[in-house]
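Scope of the values below: all heavy atoms of this structure, side chains included, with no hydrogens, waters or symmetry mates.
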Amino acid sequence: MPEEVLANIYKLEIPLPDNPLKALNSYVIKGSERNLIIDTGWDREECMNAMQAGLRKLKVDLRKTDFFITHLHADHLGLVSNIATDTSTIYFNQPDADLLKDAASWERFINFAPVSGFPEDELQSALHNHPGFKYGSKGHLAFAILREDDTISIGEYRFKCVETPGHTKGHMCLYEPDMKVLVAGDHVLNDITPNIQLWSDDMNPLKEYLASLDKVYEYHIELVLPGHRGIFRDCKERIQELKHHHEKRAEEVLSILEKGSKNAFQVASQMSWDITYDSWDLFPFWQKLFATGETIAHLKYLEEREMIRKETQGQKMVFSACLEQ
Ligand SMILES: [Zn+2]
């Protein structure tokens with residue numbers, strides 16, 4: 001099952017059952033003294049089995065293996081708590097480590113949902129099934145924190161850390177300047193669009209994400225190793241497509257608000273989503289949640305650019321277009 005994508009760099013496909021992402025790409029880099037595993041999968045049996053089978057084939061000794069996790073999402077981080085040994089170093093970033101430690105972050109999310117117009121009763125009953133809850137890392141993890149321009153040397157490779165906030169607050173890519181390889185996590189994906197969500201009123205992740213795309217655009221990249229789906233080569237072209245996608249999305253939000261004020265949930269219900277259901281009401285709960293989170297990120301982006309304006313009506317935030325005179 002392991003596919004050698006470059007000398008001593010192997011891709012393991014870790015299945016994500018019942019999830020539209022289908023699988024996570026875990027990368028195993030074999031070095032002479034230590035190995036490095038980049039991203040791991042959920043803390044779930046199917047992921048563990050695939051990881052162990054792959055590592056057996058590659059004859060990787062976990063006692064000589066360290067980990068680099070691109071961001072806090074459970075499909076990247078979850079399994080590390082089960083496979084790291086007491087000699088393993090787990091490299092991670094500070095903003096996402098802080099969010100993991102913050103016990104109130106789920107509560108803030110639940111409290112913000114009704115502000116966006118999202119049906120609170122649906123949220124409460126479904127939340128315990130959230131993969132972040134069920135398959136996230138267990139217990140306390142001791143991280144070795146990396147920052148911009150820090151390096152990880154492994155075998156013949158010397159990876160440089162590139163901070164790419166947006167998909168999460170602390171998302172981090174790795175760049176190998178000699179081989180011109182980008183380990184992209186969920187920053188740039190080829191066949192699907194990385195999800196940019198917001199569930200608060202005090203951040204602007206879409207603005208950060210677009211800035212991180214511009215930052216990576218300047219790198220000379222010949223091979224992208226993404227967190228999901230296929231490996232690809234043309235990073236600049238993909239970045240342009242992703243930027244175009246978000247521009248189109250922002251225009252769509254604006255044109256929906258030009259027809260009248262709405263809360264985020266109402267805007268999301270009128271957007272065109274790339275999903276095969278006849279109506280918004282038939283969308284599965286999780287799709288509605290992701291769609292609403294993505295809409296909130298676009299609303300915040302437009303609001304900061306003063307193209308729309310926000311008003312508080314009762315508990316809810318309502319948005320309207322700033323129409324030109
Ligand atoms: Zn992610």
Worked verdict on F290 versus W273 for ring pair (Phe, Tyr, Trp, His ring centres under 6.0 Å): CA-CA 11 Å; F290 287 138; W273 299 101; over 10 Å; no
The single option from I9, T65, I37, I152 passing side chain to side chain contact (heavy atoms under 4.5 Å, CB included) against I29: I9
Donor-acceptor pair, side chain of K180 and main chain of Y219, under 3.5 angstrom: no
H71 ring center near H167 ring center (under 6.0 Å): yes
Close side-chain approach of I221 to V181, heavy-atom, < 4.5 Å: no
Basic-acidic side-chain contact under 4.0 Å: R108, D102: yes
Heavy-atom neighbours of K22 NZ exceed 12 at 6.0 Å: no
Parallel, tilted or perpendicular, as decided by the 30° and 60° cut-offs, for the rings of H187 and Y209: perpendicular
Under 3.5 Å: donor-acceptor pair, side chain of Y157, backbone of G31: no
Qualifying residue for side-chain hydrogen bond (donor to acceptor under 3.5 Å, both in side chains) with K300, from N204, D202, D201, T295: D201
Candidate pair W199 and S116, rule side-chain contact (heavy atoms from CB on, under 4.5 Å), full reasoning: CA-CA 8 Å; W199 291 98; S116 73; 3.8 Å; yes
Beyond-backbone contact of I308 with S320, side-chain heavy atoms, under 4.5 angstrom: no
Minimum heavy-atom distance between L182 and C235, given as atom pair plus value: CD2-SG, 4.5 Å
side-chain contact (heavy atoms from CB on, under 4.5 Å) evaluation trace for E176 with R158: CA-CA 6 Å; E176 216 293 328; R158 197 153 181 272; 4.0 Å; yes
Check: E107 side chain, N111 main-chain N or O, donor-acceptor pair, under 3.5 Å: no
Pair E148 + K215, salt bridge at N-O below 4.0 Å: yes
Connected via hydrophobic side-chain network under 4.5 Å: L289 and L299: yes
Minimal non-hydrogen separation, I90 against I69, with atom names: CG2-CG1, 4.2 Å
Intermediate values then yes/no, side-chain contact (heavy atoms from CB on, under 4.5 Å), M51 and L79: CA-CA 9 Å; M51 176 63 80; L79 190 62; 3.9 Å; yes
Expected output: side-chain S81 to main-chain G78 donor-acceptor under 3.5 Å: yes
Spacing of NZ belonging to K248 relative to NZ belonging to K243, to within rounding of 0.5 Å: 14.5 Å
Minimum side-chain heavy-atom gap P2-K57 below 4.5 Å: yes
Sole candidate of K310, K207, R309 that passes salt bridge (charged side-chain N to carboxylate O under 4.0 Å, His left out) when paired with E304: K207
Whether W106 and F109 hold their rings parallel, tilted or perpendicular, with breakpoints at 30° and 60°: perpendicular
Residues V80, L141; criterion side-chain contact (heavy atoms from CB on, under 4.5 Å); working and verdict: CA-CA 9 Å; V80 79; L141 290 171; 3.7 Å; yes
Any donor-acceptor N or O pair under 3.5 Å, side chains H246, H298: yes
Polar contact flag, side-chain donor to acceptor under 3.5 angstrom, H228-D75: yes
E251 bridged to R249 by N-O distance under 4.0 Å: no
Nearest non-hydrogen partners of F92 and A97, listed with the distance: CE2-N, 3.5 Å
Check: V28 and L55 side chains under 4.5 Å, non-hydrogen atoms: yes
Check: L198 and F112 side chains under 4.5 Å, non-hydrogen atoms: no
4.5 Å side-chain heavy-atom contact, F159 and V183: yes
Heavy-atom side-chain contact between L302 and F319 under 4.5 Å: no
From F68 atom CZ to T89 atom OG1, the distance as rounded to the nearest 0.5 Å: 13.5 Å
Least distance between heavy atoms, T164 atom then S212 atom: C-OG, 3.3 Å
Under 3.5 Å: donor-acceptor pair, side chain of E237, backbone of D234: no
Note, Q270 side chain near K262 side chain (heavy atom, < 4.5 Å): yes
D98 with K169: basic N within carboxylate O range, under 4.0 Å: no
Rounded distance [0.5 Å steps], CZ in R305 versus CG in L206: 9.5 Å
Short side-chain donor-acceptor distance under 3.5 Å, S272 and E252: yes
Atom pair CG (D66) and OG1 (T87), whose distance is rounded to the nearest 0.5 Å: 7.0 Å
Pairwise distance CG(L99) to CG(L72) - rounded to 0.5 angstrom: 6.0 Å
Candidate pair S88 and T85, rule side-chain hydrogen bond (donor to acceptor under 3.5 Å, both in side chains), full reasoning: CA-CA 5 Å; S88 302; T85 66; 3.1 Å; yes
Aromatic centroids of F67 and Y91 separated by under 6.0 Å: no
Neighbour count >12 (heavy atoms, 6.0 Å) for atom NE2, H220: yes
Minimal non-hydrogen separation, P17 against P15, with atom names: CD-O, 3.4 Å
Path from L6 to Y27 over hydrophobic side-chain contacts below 4.5 Å: yes
Charged N-O contact under 4.0 Å between D150 and K160: no
Donor-acceptor side-chain pairing of S26 and D39 below 3.5 angstrom: no
Test side-chain hydrogen bond (donor to acceptor under 3.5 Å, both in side chains) applied to H76 and N25, D96, D186, the passing residue: D186
CE on M172 to CD on Q94, rounded to 0.5 Å: 10.0 Å
More than 12 heavy atoms of other groups within 6.0 Å of D278 CG: no
Nearest atoms (heavy-atom pairs only) where R229 meets K11: O-NZ, 4.3 Å
Any side-chain donor near an acceptor of the partner, H245 and E247, under 3.5 Å: no
side-chain hydrogen bond (donor to acceptor under 3.5 Å, both in side chains) assessment of E163 paired with N93: CA-CA 9 Å; E163 290 170 351; N93 68 80; over 6 Å; no
Test item: side-chain donor near acceptor, Y217 and Q240, under 3.5 Å: yes
